Amino acid sequence: MELFYTSTRNNEASVTASQAILKGLADDGGLFVPWQIPKLAVSGEQLAGMSYQEVAYEVMRLFFTDFTEEELKGCIERAYDGKFDTEQIAPLVKADGAYYLELFHGATIAFKDMALSILPHLMITSARKNQVENEIVILTATSGDTGKAALAGFADVEGTRIIVFYPKDGVSPIQQKQMVTQQGDNTLVVGIHGNFDQAQTAVKGMFSDPELSAELLAGGYQFSSANSINIGRLVPQIAYYVYAYAQLKAQGAMGEGQPMNVVVPTGNFGNILAACYAKQMGIPIRKLICASNENKVLYDFFRTGVYDRNREFVLTSSPSMDILISSNLERLIYQIAGRDDQANGQLMQELADTGRYEITPAMQKELEEFYGNYASEAETGETIRRIYETEGYVMDTHTAVAATVYQKYKKDTNDDTVTVIASTASPYKFTRSVMEAIGGECRDKTDFELVDELERLSGVKVPRAIEEIRTAPVRHKTVCQVEEMPGVVREFLKL
């Protein structure tokens with residue numbers, strides 16, 4: 001049975017999976033959602049015996065129903081190959097009473113690789129299926145990790161160009177070096193004087209600008225997105241939560257029907273929404289634990305039912321979560337509103353106009369499967385230090401936010417359910433913050449000197465992604481104001 005997609009702001013819209021992947025964002029500014037969340041067609045026992053690639057196929061074939069088996073398996077095989085440094089792709093590591101799902105073994109050592117390794121293949125296949133002759137322009141904003149992972153995926157892919165905007169003073173030095181050294185004649189990386197929310201809002205504005213769309217069409221281009229607003233980014237993320245469950249089953253850590261909890265460090269809400277969808281597909285997840293840093297807009301939302309971005313924007317040591325507008329939350333709002341496009345649209349308009357909205361008590365009751373909390377900067381550093389000293393396990397700042405919130409959850413609930421924590425980046429991506437937390441001498445050392453020190457302390461080999469950028473030349477030097485972003489796009493595309 002073919003699964004179609006509609007917009008969170010217009011139930012009359014109906015597109016295939018490949019069309020939704022190509023468009024990225026609906027014409028009305030809404031996000032594409034499937035008409036229904038399909039149920040997994042295989043048992044826990046069957047999953048336990050599968051490779052990552054096989055699990056990914058079982059998940060994606062139910063969502064991407066207009067892809068043939070050959071097309072989809074081809075995309076999966078090209079995505080999850082030797083660019084990952086482990087055959088497991090996403091291994092589970094037990095430490096400090098929880099299972100860490102390591103999602104950072106790909107080319108850019110962050111969880112975004114898990115989806116952005118396959119998105120270019122899905123997009124090119126989608127273009128062929130829909131007889132698209134225009135060049136596809138990937139336009140995306142990043143808070144640090146999406147940018148590099150998308151650049152790595154789309155670099156020199158025929159028929160595509162990619163433009164990435166990032167907050168110049170809002171990413172780690174390693175993240176910035178990864179992006180500005182990116183090769184590929186079809187790539188452009190631009191630092192902005194502003195924060196991620198401003199970059200993301202401007203990108204969304206360009207998607208919905210009819211004048212710019214007409215210019216693109218005349219020039220032989222069309223926009224698409226690599227952010228998790230693209231359903232081709234979100235669906236592959238579901239696969240690793242299903243695979244985590246499969247690994248727990250294979251290791252004998254869970255009995256038949258026994259549930260697990262999932263903890264996710266959360267900014268744009270895509271990663272935890274993928275876990276929510278995995279639950280709706282039939283994976284026995286008891287609690288979805290949403291971990292925020294000091295930009296705790298989601299913690300306040302789950303606590304009060306009020307989403308309010310009117311607050312100070314805090315630059316933290318976990319910059320990929322420095323977000324006040326969690327775009328993917330709209331998909332959940334649409335769901336808990338009973339798939340009422342008008343009600344959702346009204347709330348999103350309130351957010352655009354006033355920076356806040358409040359859901360109804362009935363909608364808030366639908367959020368009982370979620371638990372939200374946050375970690376301060378001090379708590380994040382203390383968690384990195386404690387787990388390193390007691391377990392010898394080194395984690396990055398984002399993962400430490402999740403680990404901190406998990407301890408708060410256990411204290412609040414006494415729940416001892418088997419728990420998976422999404423470990424979203426290698427500690428080498430945030431070396432200075434990690435080294436400061438575990439007591440290293442950092443003051444007079446460069447970030448790459450700290451990389452070598454972390455290798456010595458942790459015994460974990462420096463990833464290839466870090467070695468590659470040590471001496472790589474800076475290729476992207478463009479910096480602009482937020483209001484100049486459309487002009488930069490026009491200049492790159494020679495419109």
Side-chain angles (χ1 to χ4, degrees), residues 1 3 34 36-65 67 69 72-73 75-77 79-80 84 86-103 105 111 114-115 118 231 234-264 270-290 332 335 368-371 402 406 409-410 413 415-424:
M1 187 179 77
L3 183 66
Q36 62 185 33
I37 303 297
K39 296 294 184 183
L40 280 165
V42 289
S43 67
E45 283 70 24
Q46 289 172 300
L47 288 169
M50 291 182 180
S51 66
Y52 188 87
Q53 293 85 347
E54 289 167 334
V55 170
Y57 176 72
E58 288 300 327
V59 172
M60 292 186 213
R61 73 180 181 87
L62 300 175
F63 285 93
F64 301 150
T65 54
F67 284 66
E69 180 178 349
L72 189 51
K73 284 186 173 178
C75 290
I76 289 168
E77 286 166 10
Y80 304 114
F84 287 83
T86 169
E87 279 188 29
Q88 286 178 285
I89 307 297
L92 271 183
V93 177
K94 190 172 185 182
D96 196 42
Y99 290 86
Y100 287 83
L101 179 63
E102 293 187 341
L103 301 171
H105 289 275
F111 83 101
M114 301 300 296
I118 193 170
I231 202 71
L234 184 59
V235 168
Q237 292 179 274
I238 301 170
Y240 50 71
Y241 293 110
V242 178
Y243 185 61
Y245 172 69
Q247 288 186 86
L248 289 173
K249 293 282 289 182
Q251 294 174 18
M254 292 180 65
E256 184 58 38
Q258 183 181 348
M260 65 182 190
N261 293 330
V262 174
V263 190
V264 187
N271 203 4
I272 195 166
L273 183 66
C276 181
Y277 282 178
K279 178 176 181 176
Q280 291 175 34
M281 291 188 81
I283 297 301
I285 297 173
R286 173 176 285 165
K287 210 72 171 179
L288 296 156
I289 301 170
C290 179
L332 183 64
Q335 179 180 304
E368 288 179 350
E369 64 188 338
F370 288 89
Y371 168 92
Y406 176 52
Y409 171 77
K410 285 205 298 184
T413 64
D415 181 5
D416 61 357
T417 298
V418 172
T419 296
V420 170
I421 296 176
S423 183
T424 53

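Every value quoted in this text rests on a predicted model; they were computed, and no experiment measured them.
- Here the CG atom belonging to Leu101 is positioned 4.0 Å from the CG atom belonging to Leu103, to the nearest 0.5 angstrom.
- Within the 3.5 Å criterion, the main-chain N or O of Phe84 finds no donor-acceptor partner in the side chain of Thr86.
- Counting only heavy atoms from C-beta outward, the side chains of Ile76 and Ile118 approach each other to under 4.5 Å.
- With hydrogens and angles disregarded, no donor-acceptor distance shorter than 3.5 Å links the side chain of Gln251 to the backbone of Leu248.
- Closest heavy-atom contact between Ala98 and Ile421: CB-CD1, 3.8 Å.
- The two atoms that bring Leu3 and Gln36 nearest to each other are CD1-O, 3.6 Å, heavy atoms only.
- The backbone N or O of Gly255 lies less than 3.5 Å from a partner atom in the side chain of Gln258, making a donor-acceptor pair.
- No more than 12 heavy atoms of other residues, nucleotides or ligands lie within 6.0 Å of CD in Glu87, so this atom counts as exposed by the packing criterion.
- Considering all non-hydrogen atoms of both residues, Met114 and Ala90 come closest at CE-CB, 4.0 Å.
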Intermediate values then yes/no, side chain to side chain contact (heavy atoms under 4.5 Å, CB included), Met281 and Ile238: CA-CA 9 Å; Met281 291 188 81; Ile238 301 170; 3.8 Å; yes

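- For Glu58 (side chain) and Val55 (main-chain N/O), no donor-acceptor pair under 3.5 Å exists by modelled atom type.
- Looking at every heavy atom in both residues, Ala56 comes nearest to Ala239 through CA-CB, 3.9 Å.
- Under the 30°/60° scheme for interplanar angles, the aromatic rings of Phe63 and Tyr277 are found to lie parallel.
- A cation-pi contact links Lys73 to Tyr57, judged by a cut-off of 6.0 Å to the six-membered ring centre and 45° from its axis.
- Put simply, CD1 on Ile37 and NZ on Lys279 are 13.5 Å apart, with the number rounded to the nearest 0.5 Å.
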Trace of the side chain to side chain contact (heavy atoms under 4.5 Å, CB included) decision for Met260 with Ile285: CA-CA 5 Å; Met260 65 182 190; Ile285 297 173; 4.0 Å; yes

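- Note that SG of Cys276 and CD1 of Ile283 are 13.0 Å apart. Values are rounded to the nearest 0.5 Å.
- The CG atom of Leu288 sits 9.0 Å away from the OH atom of Tyr241 when rounded to the nearest 0.5 Å.
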Intermediate values then yes/no, side chain to side chain contact (heavy atoms under 4.5 Å, CB included), Ser423 and Phe111: CA-CA 8 Å; Ser423 183; Phe111 83 101; over 6 Å; no

Check against side chain to side chain contact (heavy atoms under 4.5 Å, CB included), Lys410 and Asp415: CA-CA 6 Å; Lys410 285 205 298 184; Asp415 181 5; 6.0 Å; no

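- Salt bridge status for Glu369 with Lys287: absent, with no side-chain N to carboxylate O gap under 4.0 Å.
- Looking at heavy atoms from C-beta onward, Ser51 lies out of side-chain contact with Tyr80 at the 4.5 angstrom threshold.
- Between the OH atom in Tyr243 and the CD atom in Gln53 there is a gap of 8.0 Å [rounded to 0.5 Å].
- Between Lys39 and Leu62, the shortest heavy-atom distance links the atoms O-CD1, 3.4 Å.
- Across all their heavy atoms, Pro259 and Arg286 have their closest contact at CG-NH2, 3.6 Å.
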Side chain to side chain donor-acceptor pair (under 3.5 Å) between Gln335 and Gln280, worked out: CA-CA 12 Å; Gln335 179 180 304; Gln280 291 175 34; 3.2 Å; yes

Verdict with reasoning, Lys249 to Glu45, per salt bridge (charged side-chain N to carboxylate O under 4.0 Å, His left out): CA-CA 7 Å; Lys249 293 282 289 182; Glu45 283 70 24; 3.5 Å; yes

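- Going from atom OH of Tyr409 over to atom OH of Tyr371 covers 8.5 Å, rounded to the nearest 0.5 Å.
- The side-chain heavy atoms of Phe370 and Leu332, taken from C-beta on, include a pair separated by under 4.5 Å.
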Test side chain to side chain donor-acceptor pair (under 3.5 Å) applied to Tyr240 and Gln237, step by step: CA-CA 6 Å; Tyr240 50 71; Gln237 292 179 274; 3.1 Å; yes

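- Between Gln247 and the choices Leu92, Val420, Leu47, Val242, the side-chain contact (heavy atoms from CB on, under 4.5 Å) rule is met once, by Leu92.
- Note on ring orientation: taking the six-membered ring where Trp is involved, the planes of Phe64 and Phe67 are tilted (angle from 30° to 60°).
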